[in-house]
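As the structure is a prediction and not an experimental result, all values here were calculated from the model. Every chain is numbered from 1, with letters handed out A, B, ... down the list of sequences.
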2 protein chains.
Amino acid sequence: MSDGAQFRQVAPVRLYQRIVEQIEQAIARGDLKPGQRLPSERELVTQFGASRPTVREALRVLESNGLVRSRHGDPNGPEILPFSSDRMTKEMARLVQFDNVSIAELISFRMILDGSASLLAARLRSEEELSAMERTLAVMADAIETGYEEFSKADVAFHEAVAVASRNSLIEVCNQVVRGAVLSLISDKVAHAHNSTALMRESLRHHEEVLEAIRAGDGPAAASISRRKLYEYYAGYVPEDERGPLLALMDDEEG
Amino acid sequence: MSDGAQFRQVAPVRLYQRIVEQIEQAIARGDLKPGQRLPSERELVTQFGASRPTVREALRVLESNGLVRSRHGDPNGPEILPFSSDRMTKEMARLVQFDNVSIAELISFRMILDGSASLLAARLRSEEELSAMERTLAVMADAIETGYEEFSKADVAFHEAVAVASRNSLIEVCNQVVRGAVLSLISDKVAHAHNSTALMRESLRHHEEVLEAIRAGDGPAAASISRRKLYEYYAGYVPEDERGPLLALMDDEEG
DNA sequence: CCGTTATCACTGGCCTGACCAGTAAGCTCA
DNA sequence: TGAGCTTACTGGTCAGGCCAGTGATAACGG
């Protein structure tokens with residue numbers, strides 16, 4: 001085996017791919033900013049020197065990737081979209097669906113992410129972020145009477161606020177994704193089971209504890225409480241013989 | 001505002017999307033398994049009752065999403081691909097590029113994932129998994145003389161083995177994704193900077209410490225060492241004023 | 001008899017040209 | 001001035017065609 005040169009595998013490059021690349025790079029470079037418009041398909045045909053079906057294939061791919069959006073009849077042409085994590089959300093949903101990820105794994109992962117978010121938030125939060133969290137808890141408190149719909153929304157908002165305060169957008173995005181995945185797996189059960197004032201009140205108390213730890217700057221405590229809260233909330237949906245990993249995530253901070 | 005009915009927003013559904021949906025669902029249901037083939041484009045045209053450009057748009061989208069692959073001239077038709085996290089890796093790379101995710105956030109996230117993987121592995125690992133980790137370390141030891149290429153590969157294999165032992169495929173995939181993203185951002189620097197015997201020896205020692213903690217079943221220690229190791233390894237690539245979150249992830253187990 | 005090679009039917013990649021439906025700007029007219 | 005209509009574009013879809021690449025199979029040579 002010669003060490004002189006390293007060769008990469010090659011694959012035939014389709015025309016539409018070249019087009020996708022060019023547009024992607026233009027967006028990445030900032031030459032095309034969200035809100036701006038691409039030339040019309042027929043104009044792109046002349047610019048790229050390809051046929052309309054080919055240009056359209058490229059546009060469909062870009063559209064599927066959330067980079068642009070074509071609207072039938074829009075005289076301004078396809079629109080450059082702002083970045084969104086929807087795409088990754090979809091990807092992770094696919095991961096869960098195809099890679100037979102168990103609900104135990106999902107919840108375990110949520111415990112990790114949420115715990116870490118709380119830990120970081122406790123260290124890094126600003127006063128403003130702190131009061132943002134307080135506001136979501138106030139909404140939750142009000143929503144106990146209003147109904148589970150509102151309560152759940154405020155719940156999500158709280159976790160979102162914590163994630164923001166952790167100053168790590170990956171945590172934010174992943175947490176959001178996993179939360180969505182969990183909910184989609186147990187949504188109907190949750191809607192009925194947790195639609196009780198007592199449970200909401202308990203949940204609110206847990207959230208308050210987390211917030212208190214974050215306010216106190218006690219990261220480990222915030223993380224521990226977050227994880228425990230999630231465990232208690234969701235353990236019922238996990239078969240008993242799969243709860244080991246969840247427990248393993250909790251009993252480390254107190255031994 | 002009437003509470004009677006909830007309406008979702010609608011968008012015109014393109015024909016190619018219906019095709020994508022149908023094929024996606026067939027794969028999700030398991031009617032189409034990896035390795036199997038789709039009918040030829042012309043056959044799909046008759047089955048879906050759409051024109052060839054439309055069918056092709058659908059195939060390009062599916063291809064871009066990593067679900068199928070068309071090969072020019074292949075008489076067997078497009079191939080159903082096995083699930084792969086490549087797509088998510090690319091997505092995350094895009095996230096980093098467009099959503100101004102800093103390298104600090106990436107490394108912080110890696111510390112979280114890797115730490116959690118070590119923690120869980122310490123609790124859940126089987127003897128076999130333990131010896132798998134040992135084997136990768138042995139390869140690393142050998143590779144110190146061989147070169148950084150081999151060493152790095154074994155390094156990855158070790159982390160992979162730990163992730164597997166954590167029994168959480170989400171950790172496994174995400175860690176892999178983030179590792180890829182980090183490397184793609186600092187690849188050239190690393191290739192040169194760490195191509196030193198002393199550094200490799202040091203890295204190996206760190207890995208051995210982690211393994212020891214995992215073998216001892218000491219989750220917190222394994223997690224703490226993992227995180228510290230990553231910090232020391234990568235902190236150099238993070239601007240000093242962004243290292244706060246990284247440090248926040250470490251000083252909790254020892255206070 | 002078996003391995004090699006050439007054939008060929010079919011594949012995907014790409015193009016042309018056309019028709020319809022939707023959009024919004026500008027015009028008309030009250 | 002403002003509401004409606006016209007119109008010149010847009011994207012969505014189709015039919016049909018050409019070329020190049022692939023792989024099973026048939027013909028071939030040892």
Side-chain angles (χ1 to χ4, degrees), chain A residues 8-24 26-27 32-82, chain B residues 8-24 26-27 32-82:
Chain A
R8 295 170 298 178
Q9 254 193 333
V10 293
V13 179
R14 261 69 64 80
L15 265 192
Y16 86 90
Q17 287 182 330
R18 317 288 286 266
I19 299 179
V20 167
E21 281 170 23
Q22 285 199 45
I23 297 182
E24 267 182 349
I27 296 178
L32 292 171
K33 288 193 174 50
Q36 283 188 355
R37 302 309 187 101
L38 241 38
S40 75
E41 291 183 0
R42 288 170 177 85
E43 173 63 25
L44 290 172
V45 163
T46 72
Q47 286 194 27
F48 284 114
S51 72
R52 194 142 95 93
T54 302
V55 167
R56 281 178 60 80
E57 284 179 20
L59 286 175
R60 292 298 81 77
V61 168
L62 290 167
E63 193 162 13
S64 149
N65 288 14
L67 291 177
V68 307
R69 178 183 48 191
S70 293
R71 272 179 53 234
H72 186 177
D74 189 338
N76 298 317
E79 181 182 0
I80 309 287
L81 295 179
Chain B
R8 297 169 298 178
Q9 255 194 333
V10 293
V13 180
R14 261 69 64 79
L15 267 191
Y16 86 90
Q17 286 182 332
R18 315 291 282 269
I19 299 179
V20 167
E21 281 170 23
Q22 284 199 44
I23 298 181
E24 268 182 350
I27 297 177
L32 292 172
K33 289 193 172 48
Q36 283 187 356
R37 301 310 187 98
L38 240 39
S40 75
E41 291 183 1
R42 288 170 176 84
E43 172 64 24
L44 290 172
V45 164
T46 73
Q47 286 194 25
F48 284 114
S51 70
R52 195 140 96 91
T54 302
V55 167
R56 281 176 62 80
E57 284 179 20
L59 287 174
R60 292 297 81 77
V61 168
L62 290 168
E63 193 161 12
S64 146
N65 288 13
L67 292 178
V68 307
R69 178 183 47 191
S70 293
R71 275 177 52 235
H72 187 177
D74 189 337
N76 298 316
E79 180 183 1
I80 310 287
L81 295 180

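- Under the 4.5 Å side-chain criterion, counting only non-hydrogen atoms from C-beta, B:R37 is in contact with B:D74.
- Taking B:E63 as the reference, A:R14, B:R60 meet the side-chain hydrogen bond (donor to acceptor under 3.5 Å, both in side chains) condition, with sequence neighbours excluded.
- Here A:R52 pairs with A:E41 under the side-chain hydrogen bond (donor to acceptor under 3.5 Å, both in side chains) rule; sequence neighbours left out.
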Q | Contact pattern, 5' to 3', of nucleotides 4-16 of chain D - B, S or - by protein heavy atom under 4.0 Å | A | ------BBBBB--
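- Each of A:I27, A:L81, A:V20 was scored for a side-chain contact (heavy atoms from CB on, under 4.5 Å) with A:L62, with one residue passing: A:V20.
- Counting non-hydrogen atoms of other residues, nucleotides and ligands closer than 6.0 Å to CZ of A:R18 gives a total of 12 or fewer.
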